[in-house]
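I have placed the structure first, in the form of C-alpha cells, so that the comments after it can refer back to it.
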Amino acid sequence: MNLSGLREQANNAWKAVNEPSRPQVLVGQATCGEASGAGEVNHSILETLKRLGIEADVHSVGCIGACYCEPLVDIVKPGAPRICYHSMTPALVSELLEDYLVKDNPRPDLALGVWGESRFGIPALFELPMFKPQMRIALRNAGVIDPENMMHYIARGGYTGLERALKMAPEAVIAEIEKSGLRGRGGAGFSTGLKWKLCRQAKGSPKYIICNADEGDPGAFMDRDLLESDPHAVLEGILTGAHAMGAAEGIIYIRAEYPLAIKRLVKAISQMRDIGLLGKNILGSGFDFDLRIVMGAGAFVCGEETAMMNSIMGRRGTPRPRPPFPAESGLWGKPTSINNVETWACVSAIMEKGADWFSSFGTEKSKGTKTFSLAGKINRTGLIEVPMGITLQEIIFGIGGGIPGGKSLKAVQTGGPSGGCIPASMLSLPVDYEALTKAGSYIGSGGMIVLDEDNCMVETARYFLSFTTSESCGKCVPCRLGTRQLLTILTDITQGKGKPQDIPAILGLGKSMRQGSLCGLGQGAPNPAMTTIAYFREEYDEHINSHVCRAGECRALISYTIIAERCKGCAICLRACPSAAITGEKGKPHVIDISKCSQCGNCLDVCPKKFNAVVKVPAAGPAAVPAAKG
Amino acid sequence: MQQISDILSFHRADRSDLIPILHEVQSRLGYIPPEAMQAAADHVGMSASEVYGVATFYSAFKFKPVGRHCVKACRGTACHVKGSEKILAEIEKALGIKDGDTSADGEYSLETVACLGSCALAPVLVVDERVYGRVTPARVKSILRGER
Amino acid sequence: MAGLATQFGSGAMTNSIGDFKDSACLLSIGANTTEAHPVIGFEMKQAVKRGAKLIVINPRKVGLVRHADLWLRPKSGTNVPLIMAMCRVILENGWHDEAFMAARCENLEAFKESLEQYDLESVSRITGVPAEDIKAAACMYAKNTPAAISYAMGICEFSHGTDGVMAVGNLAMLTGNIGKPGAGVNPLRGQNNVQGACDMGALPTTYPGYQSVTDPVSQAKFALAWGKTSGLKPGITLSEMFDAACDGRIKAMYIIGENPMLSDPNLAHIEKALRSLDFLVVQDIFQTETTALAHVVLPGASFAEKDGTFTNTERRVQRVRKAIEPVSGSRPDWLVTCQIAQKMGAQGFDYKGPYDIMNEINRLSPSWGGITYERLDACGSLQWPCPTVEHPGTPILHTHVFTRGRGKFMPLDYFPPFEMPDDEFPFLLDTGRALFHYHTGTMTRRVGGLNRFMNEEKLQINPADAQNLDIRDGDMLSIASRRGKVTARAKITDVTPAGTVYMTFHFRETPSNLLTSPGRDVVTATPEYKACAVKVEKVKVEKLKSGGEG
Amino acid sequence: MAQTVKFTIDGKQVTSTEGTTVLEAALSAGIFIPNLCFHPDLEPYGGCRMCIVEIQGMRGMPTSCTIKVAEGMIVKTFGPEIDKTRRDALQLLLANHPTDCLACVKNQRCELQKVAAYMGVTERTMQRTARPQAVDESNPFFKLDRNYCILCARCTRTCNEITCVNAIDLVSRGDETRVSLFQDQQFMESICRSCGECVARCPVGALVSKNTVIPSSEVLTTCCYCAVGCSMYLGVRDGKIVSVRGNSEGKSNKGKLCVKGRFGIAEFVTHPDRLTSPLVKGENGQVQASWDDALQIVADRFKTYSPDEIAVVASARTTNEDVYAVQKLARAVLGTNNVDNCARL
C-alpha cells in the first residue's frame, strides 16, 4: 500500500474546508477549550444552524494556543477567508452565526483575526503580537486541522517525511536528524540523532522505542495540546524513529490525567492500522512495527526514563542508576530509546522539510523551535512555539502581553520542579538550553509560569519542595529525606520560624542533593530553593529576620484588619468568613478577631471595591503599613 | 469478583499487564479492593505484596471506595500561583471533607492531583470527567451543583 | 533409589544443588521443594527468575506452582504413564538426543516397544492431564537444555515408585540430560543424612560404599578388616523386620534415632510388631512413642554435641562439629554403639573418636577414600565419589560413562496404587511434610515459635469436597481407613485436588500413619505413603476427642 | 573465564575480573568505601548513595556499587566534594533514625553506626524529620521496627531475589515508603515463611531476632534437619546455643537457611525433655539405670540371639560415623545383615 492514492482524497477533504461550497465552522475543542465551555458552544452552533436552516459543516479542531480567549470558533464562508472568533459563549456564537451567515456581517468586534490577510477590518491572525514572533513546527497543525481526521493531516503534508525516510537507509535517516541539530525536547537536551545512533548500534533484539508523554511538570501542557491537536505528527515521528533504530515495538507512555489525548491517540493509531501504517511490511518497505499505549498512574518520577521503563514493565516506578543506559539495556534488558512527544513531532517535520530547513531556526547550539506553555500571572496564557534564542522579554511582554492588573513582573519559573526562578532583571536572557542552565534554571519540557509582585518567592520554593517531597520515589536517601528536610526548613521560614543558619543549610544540602541524588528529580529538587535564594535573598532575609512577607502570601506573616472609617457594615465579609472571626452589627464597622482568623483572605476578596475597607498587614510589628496595595 | 475475572481474562499473564489491570479495576469499581490485588497477583504470577507495593507507588490508585462524584482539584504550579489553595479550602468547606476523603453520604470524593495540564485556564477543577477553568472561590458551589 | 541404581548404576543425585542455576529447564516431579527443602526451593526459584523454564508435575498446588511455566496435575500414582507419554511425544517429534542414546545407552528397542501403550489419549484419560499439556511439557523439557529433573517422595512412595523413578531416568537419557552441568536426575532426599546412612552400609544388601553383601570378595575384605562379618545372604528390610517381629522370627531390635511408631505406615501393625519383641533397645534424644515400648532406652547426644559428618542429598560430605558438651547423662551415638560392642567382647571398637572411624571408612569404602577430616576442614566439603586424597570430588555423576557402563532404558507398565478409593473409602489420602515441622516432630514440636505457625494436624480438603460434605474450615473431622482412624480439623484449600485429602505425619496427637497403606514398592519395599483410601466424616461435638485409635 | 581488568583506585593499581563492580573490587583490594544498601548476595541498588565516587570521564558522582570495572578506569573514592555529599546523606539518615544506640540490639554491630564512625560523624546537624512508625512483633522469632529502618531495601530485595517468596516489599513512595506486607498486614498473617534471610541482611536494628544474645564463640557445623545440608555457625555462650547463622561459604546453601535451621535448633538441643539417663524396663515400667548397667544388660541380651533373630535400625539423622559404627556392630558383632534405615521417608 502506498499513500499517493490517499493524497488526492485528502486534498479534496481539506479543500472542502478551506475553499468550501457551504459554510464551515471549526470549534477549538482541546481540553482547554472544553474547560472554557467549547462543548456548550458547539451545541449552540448545531442548534443555531438547525434553527436558521443553514447547511454547514461543523468540525472540532485542536488548540491554536490562544487559551486565554477560548472558546475559539473559526468560520469559513464560501468565498471568504477563515476567520477566528474568540471568547465565544453559546449566546454569542448564535448571534455571530446569524449575523455572519445570514446577514453577511462578519462581526469584526468578535473576531480575533483572519487566516491570511487582514479583511473586513479584522487583523491578520498571524500578524497579531501573540502570533507574529512564533514559528510553528511541532504545532504546525494544532488548531488548524481536525485531529481526528487523518485526511486533514495527510493533506497538510503528513506522512511525506515517513515515505521519504523509508526510502532511505536507517543510518541516513539518523544522519539527517543529527544534522538538523534536534535535541531532546523533554528537558535534558541530549542530541536526538546521537541517541538514536547509540540505540541503532546497540546489540540486542528486539529493540523498543518509547514516546514519553508523561508530561509531569506542573505548569507544562505542550504535550497534551500537541497530542490532542495533531496526534499523527507525533506518530509519524515515532514510525520514522522505529525505522531508523530498527525497533519492532513502540510504546506511548501517557499520563492517565489526559483522557482526551489518549482518546485521540487511540483513534489515530487505529487509522494508521487501517491503512497499513502499522503492522507488517509498512508501506511495502519490509519494515514491521507496532505500537501500543501504556497509561501512567500518577507518578511524576516516571518521566525519568529508567523509572518509566520500570513502570511499563509493571514495577514500582523507581529509577535505577545509569549506566547501563537504556540504549544498551532498557525494557526487558533490550536496547530502548525514549523520546519526548515534541521531539517526535519535530522529527516528522524534519523528515518532511529537511534538516537544513530546521536548523535554520534557533541558535548555534540550540536549533529549531521550542514550545512553551505560558501560565500564571500573564495576560495571554496559552501555548506558543518560538525559535530558540528568543528573549524572555519578547515572550512575556510581546507574545504574552505582559502582566495583568498593572502589577509588576517578579520572576519567571521555568523547568518545572527541577527548574528555577529567573528574576525580572534577567528578561533579556535568550531562551535556549545553555542560557537557562547558566541562569540556574532549566528549559525543561517548556513550562513557563509567570510570577508577579503578589507571589512570595520563599512560598514558591516551598510549594515546589512540597511537590517534590510527595513525588520523590523514595529510593535514594538525598531525595527522599533531603526534600523533606528542605521542605521543613522552608515551611519554617514561611511561618516566621526561620533562622539565619537556614540559608547556608539549604544551600549546602542543596548542593549535596544535586550531586548525590540518583535521578533528575532529586538532583533538581533543590533548584527552586537555590535559585530563589540566589536572586531573591532579601525576601528570605525579611522572612527570617523581620517576619515579613513582602508579597503578603505567607499566611503566618500577615493579618487582615478592617479600617473602621471605610467600613459600612454591609456584612458581606462577615458571611464570607469561614472561621467566624468577623463580628459587627449591620451598618456599623466590623472587627476581625485575630485569634480566630485563619488568614484566608476571603474578607479582602469580597469587600466591595468602593469601600476597600479590608487591608492586609504584616502580622508582627505595628499594624500600620498595608503590605499590599489596594 | 466476576468483574475482576472478566478484566483478567482480557489480559496476558504477564507482569507488564499489571498496571493496566489495576487501571481497569479502578475504572469499574472506583477503587482497588484487596481481592482484586490478590487476583491480579495470581494472574500475572506475582505475590500480593508485590502488587500492593506497585499499586501504592502510584497516586492514581485508590484503596477505599469512592463517592459517586469525584472532585479533583489541581495543585499544579499555575493553579498554585493563581490561588488554588483557596479553591481547595472552599471545596473542603462546601463538601465538609478533606483532600483524600469521601463524604459520609457517599456522594463526593475529593482529591488533589499534581497537574491537570490546563494551566492556561488556572485554577482548574475537574468534576467527574468535566474540566472547569478559571475557577473562583465564589464559583465552587455552583460547579459542585453541576452548573457552569 | 533402586530405580536409578538399576539404570545408571548409582541411585544418588546425579548433579549438585548449585547446578540448578545453569539449567534452562527445571522439571519438578512429586516434590514440595519449598516446604521440604526450602533452601533448594530458593535456588530453583532464582533460576526461574533468571529465565529458566519450570515445569511442575504434582497433584498438589505446591509452592513452586506460582513460579511455574507449566503445571501438570496428574491423579495420584499416575507418574509412570505421564512420563512415559512425554518420552513418546519426544521420540515421535524427534526432540530426543540420538547421539547420546546411541553412544551411552542400551535397551532402547524394548523401551520403545513399551511406549506403545502410552498414547496421549489414553494417558490423558488415566492421568487427568490434558493431552496438549503433556505435549507442551515434553516440548519444554526437551527443547530447553540442559534440563534438570528433581523429584522427591511424591514419586517414590508408591507401590510402583521404582517404576516412577525409572520413567524419569528414561526421560533424562532420551534427551541426553545426564552427565552435564545443569542437567541430571536429582532425587531430593528426605532426612539430613539419609544419603550418608545408605553410603555407610545401613542397608540389608550393602556394606559401606555400596559393596554388595552377596559378593564374596567384599565379604572377605570386611571379614579381614573387622575380624569377623555377616553372611552372604542379604538381610531384611525395615518393613520386613516389623513383619518378622510380628510372627516371631525377629526377637530383638536395636533402633537408633528413629520413631517408627509415628513415622512408619500402618502403625497398628508397627505397634504389634514392637510389642511382640522379646527385647527392644531404643536410642534417642527424647522420649518418643517408640522409646515408650523399649526394654532399654539409651540417651543419645544431639548433632550439636558431637563431631562427625553428614552427607547431604547431593552426595556432599560436610563436617558436624561439637558446639557444646552433651547434655548431662547423654552420650554420642557412636560411643554408645561401641560400648555395647565392647561389652559384648568385640575387638575393633576402641575408637578414640569419630576421626578414627572416618579413617576406617576411608580405608574400606573406595568412593570415600579421599574424604578425610583434614580435607573437610580445609575445603568445607567433598562430594563422593572421591577415591583418593588428591581427588577433587565429583559434582556431576556419569559424565563420560554411566557408573554401570551404559545407561539402561527400562520398559515400564502402568500399575495403579495398591489401594484405590472405593464407595466405602472414597478419598485418597496423601501424606507429606510441612515447612515448620520435621519428621515426627520430636525436635520441632519442642520449639515454641515453630508451634506458633502450626500446632496441630489439619486435614487439607478441596473446597468442592468440603462443600459436598458440608464441611467448614476448622470443623473437626474423623478420617478412617481400613486400618485405623484419627481426628483432625479441616483446612479447606485448593492446594489439594478434589478427591484427595492430605495430612502430614508430624503430630503424635494425630498419627496419620494409623491410616496409611500396607502397600510397598515391589522392589525397594518403600511404603506407599502417598496413597491410601480413606473416608472423611464430620465429628459430632459430643463425640469430639482428639488423637487416634488403632 | 572472566577477563582480568586492570584499573586504578586512588592511585593504586587494582586488578579485578570483568563484571565486578567498582565497590566490590575496592573492598577486595582493601580499600574501604562506605556503603549501606550494598550486599554481596544482592543485585546493585544504588539507593543509599554512600558509595559515591568520582570516575574520570564520567559525569557527577556515580555509585561504585552500580558501576562495573573497566580497563584503565581511574577511580577516586575520597575528596572534599565526595565527603560532603556522603556526609549530608548520612546526616539525613541520622535525622530520621532513633538516637538511642545503647537501647538498640544492633549496637556495635550496626552498619549505620559503622559508616558514621568511619566518616567521623559525632553529632547530628539536621532537623529531625523522624515520625513514629509501626512496629511488627507478630513473628515469634524476629521483629520489624520500622523506626530503625533506613530503606536500603536489602530485606525486600532478599525476599525477592534470594527466597523469591515476596512476602515483603516496599510500599507507597517518597518519605512515606515503608517495608511492608500485603495490605500492611502483620508477618504472621502473611505468606512470610519466616526464613529470616531478611533479618540476616538488615544492616541496622529494623529487622532483628528476638532475644538476641551475642555468642562468645561460634562453631561451624551442618544443619540437622533436611537433606540440603546447610552449612551453619552455631553461636555458643555459657554452654548453650544462642545463635545460628548461615555460612556463606557453604556450597549447598551459600549462607541461606530456612526457619527450622535458623530458629528451630537452640531450643530443642537443651530442652528440659532431653533424655539424661538410660532407662531399663522393670516390673514398674521404665526406671533410670546407670550407663554401665544399661549397657551390660543390652550386651548380655544381644549375645543370646542368633543373627537371624536380631535386627538393627540405624538412623538417617545421626552422623556417618554413628551409622558406620552401628552397621559394623550388626555385621561384625551380631553377625547379621538385618540392618536398615528409614531412607524411604
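Contact record, D:Ala167 with B:Ser49: O-OG, 2.7 Å, taken as the closest heavy-atom pair.
Around CD of B:Glu85, the count of heavy atoms belonging to other residues, nucleotides or ligands within 6.0 Å does not exceed 12. Annotation: D:Glu249, atom CD; neighbour count of heavy atoms from other residues, nucleotides and ligands within 6.0 Å does not exceed 12. Annotation: B:Asp99, atom CG; neighbour count of heavy atoms from other residues, nucleotides and ligands within 6.0 Å is above 12. Enclosure of atom NZ in B:Lys93 by more than 12 non-hydrogen atoms of other residues, nucleotides or ligands within 6.0 angstrom is indicated. Other residues, nucleotides and ligands contribute only 12 or fewer heavy atoms inside 6.0 Å of the NZ atom of D:Lys114. Heavy atoms of other residues, nucleotides or ligands lying less than 6.0 angstrom from NZ of B:Lys141 number 12 at most. Counting heavy-atom neighbours within 6.0 Å of D:Lys84 NZ, excluding the residue itself, gives a total above 12.
Residues of residues 169-178 of chain D lying under 4.5 angstrom from chain B, judged on non-hydrogen atoms, are D:Asp169, D:Leu170, D:Val171, D:Ser172, D:Arg173, D:Arg178 in numerical order. Identified by a heavy-atom distance below 4.5 Å to chain B, the contributing residues of residues 182-198 of chain D are D:Phe182, D:Gln183, D:Asp184, D:Ile191, in residue-number order.
When D:Asn160, D:Val165, D:Leu181 are compared by the number of non-hydrogen pairs under 4.5 Å with chain B, D:Leu181 comes out ahead.
Residue contact with chain D, scored on non-hydrogen atoms closer than 4.5 Å, is absent for B:Phe63.
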